[in-house]
Amino acid sequence: MAKRKLAAKKNTTTNGKPSTISVERKQNFLKASSLKPALVGVLEDENEPSEDDKEDEDEDEDEDEDEDDIVFEADESDEEDEFSGIIDGALSDSDADTENSDAEDIDNKDILYYKKGADGKPRPIYKAIDPHYSSDDSDREDENTVGNIPLSAYDEYPHIGYDINGKRIMRPAAGSALDSLLDSIEVPEGWTGLIDRNSGADLKLTKEELNLIKKIQLGESLDGVNPYEDTIEWFSSKTEVMPLSAAPEPKRRFVPSKHEAKRVMKIVRAIREGRIVPNKPKTSSQDEEVIYDLWADDLPDQTPHIMHIPAPKMAKPTNDESYNPPAEYLPTEEEKEEYIKTDPMDREKNYLPAKYSALRRVPRYDSFVRERFERSLDLYLAPRVKKNKLNIDPDSLLPKLPSPQDLKPFPIKCSITYEGHKGRVRAISVDPSGLWLATGADDGTLRIWEVLTGREVWNATLSADEKEPVQSVEWNPVKDSGILAVSAGEKIYLCLPPIFDEAVENTGQEMLSAGWGYAAQNGTKSNSLEEISKEPPAKWTKPSSKLSSLGVDVVIVCRKTVKQLAWHRRGDYFVGVSPEGANQAVLVHQISKHQTQSPFRKSKGIIQRAQFHPFKPMLYVATQRYIRIYDLSIQSLSKTLQPGARWLSSFDIHPQGDNVLTGSYDKRVTWHDMDLSTKPYRTLRYHTKAVRDVRFHSRFPLFCSASDDGSVNVFHGTVYDDLLKNPLLVPLKVLKGHSVVQSLGVLKVCWHPKEPWLFTSGADSTAKLWTT
């Protein structure tokens with residue numbers, strides 16, 4: 001089948017007609033040979049195919065009409081080579097070696113045909129090698145190339161080059177004009193309309209190549225760099241308020257200028273000499289005639305003054321004010337009834353739209369006089385002066401504070417409620433380990449609770465008549481001492497509750513009993529008669545058997561009721577405050593010597609609170625309106641703070657010692673920065689009733705305030721080491737859990753020594769623990 005197709009196609013041109021040129025050349029060639037009669041018949045048979053061959057050709061054409069490349073592979077040169085090979089093979093019968101070798105080659109299935117070589121002998125043409133994956137075909141090309149030779153050199157030839165075997169590469173068939181038009185309309189993917197200079201076919205580009213060409217046309221970068229990245233502001237675009245330099249102003253800006261003084265004196269001399277006449281009247285020329293424009297407006301066009309304010313204009317009439325308005329502007333019956341029922345001050349309009357057939361039927365306007373009067377008022381009350389209004393955003397005036405969520409941890413909920421007292425819980429304190437909580441109430445009882453469980457582990461009634469309320473409770477700051485100071489009435493009790501182990505109890509016993517021996521040795525010594533005649537401000541006595549069984553080791557009897565106790569950081573001294581004690585209102589007690597001192601000879605007001613500095617030898621004493629700071633090393637007044645309150649209720653010192661927090665009965669909480677001023681740095685007014693107590697946390701930047709309104713306000717207070725930076729105060733949480741009883745709410749607060757937990761006690765006979 002293939003041989004027939006090849007024979008038929010060799011005798012046809014690209015148009016499918018027999019090639020007369022090749023037949024004539026073959027006949028002329030055969031005339032010169034002795035085998036002319038035989039070969040001419042063969043050629044005629046080849047030129048005239050039989051009926052079987054025709055049927056085979058028709059079947060082959062129906063099977064595949066796209067195999068057009070085979071038609072163009074045979075040309076005239078190939079035909080001459082084939083026929084010359086056949087003739088030479090037929091005439092070379094005398095050479096037996098050649099015939100035997102040819103017979104061996106013919107038996108080989110890989111031989112396609114024979115071709116005359118350069119030596120005149122037939123040369124076999126083998127099949128093309130079909131490469132497999134095992135062979136190395138990395139250099140194989142999918143399409144033939146013609147090298148760097150331009151296609152214009154082959155314009156006169158049907159081929160465009162040669163392949164690796166030396167065969168001609170025929171020019172691709174060019175479609176008809178209609179096919180070209182359809183291809184151009186369909187625009188296949190990658191079509192460019194250009195011709196590939198290497199293969200002569202249509203040049204098609206991939207998506208990556210098209211994107212690359214687009215980037216080159218748009219002038220974009222090709223290496224993946226983003227040319228539109230965000231701008232880095234190396235220099236701030238915001239206008240700074242503060243100057244770049246803090247240098248003081250030069251003196252020349254405040255001293256009058258001598259140059260200006262010379263110029264002023266020069267003008268003064270010219271005025272005195274008459275060369276300059278001030279306020280000289282303008283000379284008006286009388287010869288000029290005044291021409292009036294009869295057709296001009298009443299008011300000439302004048303440039304308004306910079307402060308001129310035109311009168312308010314009246315609103316222009318709308319469609320519903322017409323005597324014949326459109327139907328959609330006319331009110332319905334329901335709208336008319338609603339208009340009549342509405343108060344005149346609340347009506348949107350002063351009239352109801354109505355429709356009339358003619359203008360002469362429009363009645364008199366009832367509100368004409370009233371509207372004219374209101375217009376006169378508008379003109380009379382119109383402003384005559386412009387006032388520049390400052391467009392200030394109210395939010396910009398507020399300080400920008402961080403979110404409370406970013407300032408955690410801080411107490412937010414009530415976890416445990418300690419119930420058991422029958423009166424107001426006035427005193428509360430946590431031991432240095434944070435495990436035990438001591439509370440004192442108006443019922444005269446002292447109770448100790450386990451912090452984590454809320455279980456009561458010990459209680460005692462200290463006063464004999466059970467009517468003296470417990471005013472203050474404070475644990476000794478030394479961790480291993482276990483000493484608890486309690487004030488009830490005029491007495492101060494130093495207790496060792498039986499809740500600690502033997503080592504802690506022995507340490508506390510040694511600290512309390514050491515003073516008895518020192519007092520016995522030095523109690524009878526005196527240097528002058530004045531010391532003998534003076535009565536001691538307080539008396540140290542041993543407790544009764546009943547109190548001793550309860551754990552009380554020392555009883556200090558004062559002259560007046562002790563309202564407040566505060567320990568020194570070393571645990572050997574503590575101060576007691578008796579507001580009614582006059583010059584002995586503040587007493588300093590020493591445990592190791594069992595001595596009491598009165599540091600003041602004269603009282604400068606009713607003393608409310610007293611407290612030692614966290615690490616300096618200073619004593620803070622608060623009266624009703626002032627806080628006085630005394631330096632104990634030189635025994636003199638160091639500074640006086642002025643909170644500006646009518647009656648101070650409490651105060652506390654920051655752990656770093658440079659800031660003081662005060663609370664007053666006039667609902668204010670003030671923050672004092674002692675390095676900045678003696679007056680408050682910030683005043684906080686968040687409570688609606690009197691503030692009872694304020695406290696700083698010893699570890700976390702937290703402080704709180706308790707009030708009679710039953711709430712506790714928790715704040716964040718950060719103190720920076722930079723002296724030029726002000727403290728940061730942020731309100732965090734309002735804790736509400738105590739009920740108000742007889743106008744009294746939360747009476748005392750206390751922070752946990754290690755955790756951001758808060759203990760509160762109130763007039764509702766309970767104490768609460770607030771945790772995070």
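Quantities reported herein were computed from a predicted structural model and do not represent experimental measurements.
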So, taking the atom named [atom1] in [X] and the one named [atom2] in [Y], what distance separates them when rounded to the nearest 0.5 Å?
X: Leu732; Y: Gln405; atom1: CG; atom2: CD; value: 10.0 Å
X: Lys121; Y: Tyr114; atom1: NZ; atom2: OH; value: 14.0 Å
X: Leu401; Y: Leu407; atom1: CG; atom2: CG; value: 9.0 Å
X: Leu758; Y: Leu702; atom1: CG; atom2: CG; value: 9.5 Å
X: Leu212; Y: Gln217; atom1: CG; atom2: CD; value: 10.5 Å
X: Ser711; Y: Lys733; atom1: OG; atom2: NZ; value: 12.5 Å

Enclosure of [X] [atom1] (heavy-atom neighbours >12, cutoff 6.0 Å):
X: Ile195; atom1: CD1; result: no
X: Glu209; atom1: CD; result: yes
X: Tyr157; atom1: OH; result: no
X: Asp722; atom1: CG; result: yes

So, the side chain of [X] versus the backbone of [Y]: is there a donor-acceptor pair under 3.5 Å, distance only?
X: Tyr686; Y: Val734; result: no
X: His697; Y: His752; result: yes
X: Asn165; Y: Lys167; result: no
X: Tyr329; Y: Asn324; result: no

Q. Would Val669 and Asn713 satisfy side-chain contact (heavy atoms from CB on, under 4.5 Å), going step by step from the backbone distance to the final call?
A. CA-CA 11 Å; Val669 177; Asn713 289 345; over 6 Å; no
Contact summary for [X] and [Y], nearest pair of heavy atoms:
X: Phe715; Y: Pro731; result: CD2-CA, 3.6 Å
X: Cys414; Y: Trp770; result: N-CE3, 3.4 Å
X: Trp751; Y: Cys704; result: NE1-SG, 3.6 Å
X: Thr772; Y: Phe410; result: CG2-O, 3.4 Å
X: Trp671; Y: Pro727; result: NE1-CG, 3.8 Å
X: Tyr351; Y: Glu321; result: OH-CG, 3.0 Å

Q. Can you list the steps and then say if Asn726 with Arg682 is a side-chain contact (heavy atoms from CB on, under 4.5 Å)?
A. CA-CA 10 Å; Asn726 295 328; Arg682 189 65 57 84; over 6 Å; no
Q: Taking the side chain as every heavy atom from C-beta outward, state whether Val719 and Pro701 have any atom pair closer than 4.5 Å.
A: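 Answer no - side chains too far apart.
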Q | Pairwise side-chain contact, Leu728 with Pro402, heavy-atom cut-off 4.5 Å (strictly under) | A | yes
Q.
Checking Glu328 now: which residues fulfil side chain to side chain contact (heavy atoms under 4.5 Å, CB included) with it, not counting sequence neighbours?
A. Pro326
Q: List in chain and number order the residues that pass side chain to side chain contact (heavy atoms under 4.5 Å, CB included) with Asp658, two or more places apart in sequence or in another chain; answer none if no residue qualifies.
A: Asp675
Q: Tell me, with the steps shown, if Leu769 and Leu452 meet side-chain contact (heavy atoms from CB on, under 4.5 Å).
A: CA-CA 9 Å; Leu769 170 61; Leu452 299 179; 5.9 Å; no
